[in-house]
There are 2 protein chains.
Amino acid sequence: MRGTQDEIVSTPAVFEEHGRPTLKEIARIARVNISTVSRAINDSPLLPRDTKDMILAIAEKMNYFPNSLARGLVSQKSETLGIILPKIFFLQGPFFSQVLSGIERISVKHGFSILIASATSKTADRHFPFNLTRARRIDGMLIINENRRIRNLNALKQERVPFVLVNRFIEDTNAPCVAADDIGGGRMAAEHLLRLGHRRIGVVTGSHRVAATTDRVAGYRQALTAFDVPFDKNLLEAGLFQQGVETGARCADRLLSRATRPTAIFALSDELAMGVMQAAKERGLRVPEDLAVVGYDNVTFSAHLSPPLTTIAQNPYAIGATACQMLVDMLEGRTPDQANVLIPVRLVVRDSCGSQSAQGTAQQEGEDA
Amino acid sequence: MRGTQDEIVSTPAVFEEHGRPTLKEIARIARVNISTVSRAINDSPLLPRDTKDMILAIAEKMNYFPNSLARGLVSQKSETLGIILPKIFFLQGPFFSQVLSGIERISVKHGFSILIASATSKTADRHFPFNLTRARRIDGMLIINENRRIRNLNALKQERVPFVLVNRFIEDTNAPCVAADDIGGGRMAAEHLLRLGHRRIGVVTGSHRVAATTDRVAGYRQALTAFDVPFDKNLLEAGLFQQGVETGARCADRLLSRATRPTAIFALSDELAMGVMQAAKERGLRVPEDLAVVGYDNVTFSAHLSPPLTTIAQNPYAIGATACQMLVDMLEGRTPDQANVLIPVRLVVRDSCGSQSAQGTAQQEGEDA
DNA sequence: TTGTACGCGTTATCAT
DNA sequence: ATGATAACGCGTACAA
């Protein structure tokens, strides 16, 4: 019951007496100077083995930990990364959690802590997020922002604080970023349907203010162009990512009540796709026979819908990890080889578009990133 | 395009020249002593209006921000809360995100930053999470741990660091905690089925190492006892929360292939319930006619399954917010009126158990916490 | 090899 | 009403 290490380790509360131990305290006990202790703690090559060991033993016994505030004051570093979130950040799905997980993994590996900060209400600090760097709380920032336009990017650059844009892709060497290949994802989904012979492909989107919508639609249009299919903006219906199933169903309803209804629908999230399938069912349309459906995200349940949903899988963990690695590299003086990186997505073919050989060009699973 | 405030505010980069401004720098320019500036910044009542205004104007213009490291060094506080996560924290669902959201909201309101920290691999710091408090990085901690047993709770208490256990309920005035009422939730789900006349109620659980499983099962057993129905441990099948749908289906399969199969199944998550419904369908069993199903969590898609899933809704945002409020209270010297608080859950009745008046006692929606 | 002394930016306690 | 100065805990150039 004590064996595993997923847990808090016990600790002698030695410091009960005089508060937490400091270098001075240790120096007093070890009968050496403070700086000698400091050197021992920092494993300075100047000190001989024995002195070092002697001091380290005492420090260990006293449960000493360097005060990182004092250290930071001297070094002008906090060894902390800030994750900057928009005021209303949609943490609904598992996406953000996975990104965070990737960030966390890399940051601990390099000894950085992470501070989570979201824009507060307007009454609060209007200097956000620069208050954090100006107050020396963080050394760099990972900016998570789903908006299509990054406002005041210039201010960001001027501040001269290392940052990485997470999940927002822009082609700007001065603005490092890591994002999923939303354009590629949109294209792959559309191509899949086009190859199966579909020509009227409806799209159920999220808000056009978020980049996920505009980029994926852009990819969809690329595919259309490649197949010489004219773009018809009446085939687009905008729902809300936050209310995926409801709005997905509503949008699908509108699409399916058109005079010439689409033979396929590309939904920009699996939840939207779920709504689409539901709406189709209610109209007596069979998926995939009467309507092919493609989703986006490959969330856990999508494999278990009936029929199992063909979808685009992203890699949020890799996004977080890569972004964090880039930031750490910058902070440690290395230059990342790429400033703007795209994390590939992949098409997961299941049953919601029918057998691939049924219509159109037969083909297996070649279209991965 | 500049009007909204969801974004980064622009900032004159005045400090380009001499690094970031400090009290000393401002004092030099204002031709006053450092301590005068300090008083102005901290709005000391000793200073007359005009001096204060004069200094503040300069500070503002120079874009001054107090160095929180230096402040912390003096005040012995970091104004930072730590969120402690287990090594492998299942962030799959939206649950954690919502808890985090609640924490974040309250903490910014009180001027605290939040530091995210998960237990690292065993090679790293074996003092986790006390390294954080000992290094003065955080003033208190919110401990998120899904395990049934909290190991070394004593070490935690001995460390004399303010903490709150999040989503783990224990009856211990010395260990403040905030959690969802899992026992109540289990009971409510089972009662619902019992009222509808079911007597053989299968349970698809998660791992028995996590409290969510044991507590909800405990509640289920309470309901059984209240209805004089003997507990049959063969009606329990353990799946995995992380692989909800798959293991849910597998467990349901085992349950449904029993000689006398259950007439209802209580799944401890909506994903598990989804798997249960799928398994039922594959056996040609109709839900709810042949099998009633209750889920847990009320995730977004559960309202849109066919049939819509009856489930237990938790309130993760409230859990986070309440826990954080308690911690802040402790840090600011207030004593929370309750040390161990239970956040109520509620039964959301949909169609997966059939009409309530169909069998058993008719009743409306009285059983909320 | 080890000690001395100063500075990091701030607050607080003295004076004046 | 304001200034000088000593902490806070640590790192480090310089001395010894």
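Letters go in sequence order (proteins before strands), and every chain restarts at 1. Because the structure is predicted, anything quoted here is derived from the model rather than measured.
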Is the backbone N or O of B:Ser44 less than 3.5 Å from a side-chain atom of B:Asn42, with the two atoms forming a donor-acceptor pair by type? no
Looking at B:Arg71, does any N or O in its side chain come under 4.0 Å of the phosphate oxygens OP1/OP2 on C:dT11? yes
Is the base of D:dA4 touched by the side chain of B:Ser35 through a donor-acceptor pair closer than 3.5 angstrom? yes
What is the distance from CG of A:Leu46 to P of D:dA15, rounded to the nearest Å? 16 Å
The side-chain contact (heavy atoms from CB on, under 4.5 Å) partner of A:Ile103 among A:Leu327, A:Leu81, A:Leu142 is A:Leu142
Between D:dG9 (P) and A:Ile41 (CD1): distance, integer Å: 15 Å
Quick check for you: among C:dG7, C:dT10, C:dT2, whose closest atom lies nearest to any side-chain atom of A:Val74? C:dG7
One pair to check against side chain to side chain contact (heavy atoms under 4.5 Å, CB included): B:Ser113 and A:Arg137. What are the steps and the verdict? CA-CA 9 Å; B:Ser113 300; A:Arg137 298 200 66 104; 3.5 Å; yes
With DNA chain D as reference, determine whether A:Ser38 or B:Asn33 sits nearer its 5' end, using the nearest nucleotide of each. B:Asn33
How close or far is atom C1' of D:dG11 from atom CG of A:Leu69, stated in whole angstroms? 15 Å
Could you say whether A:Arg31 or B:Leu73 is positioned toward the 5' end of DNA chain C, judged by the nucleotide with the nearest heavy atom to each? A:Arg31
For DNA chain C, what dot-bracket results from Watson-Crick or G-U pairs at under 3.5 Å, with [ ] for crossers and | for inter-strand partners? ||||||||||||||||
A:Lys24 has a side chain; which of D:dC8, D:dG11, C:dT1 sits nearest to it? D:dC8
Please determine whether a side-chain nitrogen or oxygen atom of A:Gln76 lies at a distance below 4.0 Å from atom OP1 or OP2 of D:dG11. no
Report yes if at least one side-chain N or O of A:Lys77 is closer than 4.0 Å to OP1 or OP2 of C:dC8; otherwise report no. no
Does either side chain, that of B:Gln325 or that of B:Asp329, offer a donor lying less than 3.5 Å from an acceptor on the other one? yes
I want to verify a distance call: between C:dG3, C:dT2, C:dT11, whose nearest atom is closest to the A:Pro48 side chain? C:dT2
Between A:Lys77 and A:Glu79, is there a salt bridge with N-O shorter than 4.0 Å? no
Candidate pair A:Asn167 and A:Val99, rule side chain to side chain contact (heavy atoms under 4.5 Å, CB included), full reasoning: CA-CA 9 Å; A:Asn167 206 29; A:Val99 171; 6.0 Å; no
Contact under 4.0 Å: A:Arg39 side-chain N or O vs D:dG11 OP1/OP2: no
For B:Ser75 and C:dT11, is the shortest distance between a side-chain N/O and OP1 or OP2 below 4.0 Å? no
Do any side-chain nitrogens or oxygens of B:Thr51 fall under 4.0 Å of OP1 or OP2 in D:dT2? yes
Phosphate OP1/OP2 of D:dC8 contacted by A:Asn67 side-chain N/O (<4.0 Å): no
Would you call A:Glu159-A:Arg134 a salt bridge at under 4.0 Å N-O? yes
Between the base of D:dG9 and the side chain of A:Arg20, is one N or O donor paired with an acceptor at under 3.5 angstrom? no
Can you tell me how far P of C:dG3 sits from CD1 of A:Ile34, to the nearest Å? 11 Å
Could you state the CE-P distance from B:Met62 to C:dG9, rounded to the nearest angstrom? 12 Å
Qualifying residue, where the test is side-chain contact (heavy atoms from CB on, under 4.5 Å) with A:Met326 and the options are A:Val178, A:Leu331, A:Thr335: A:Val178
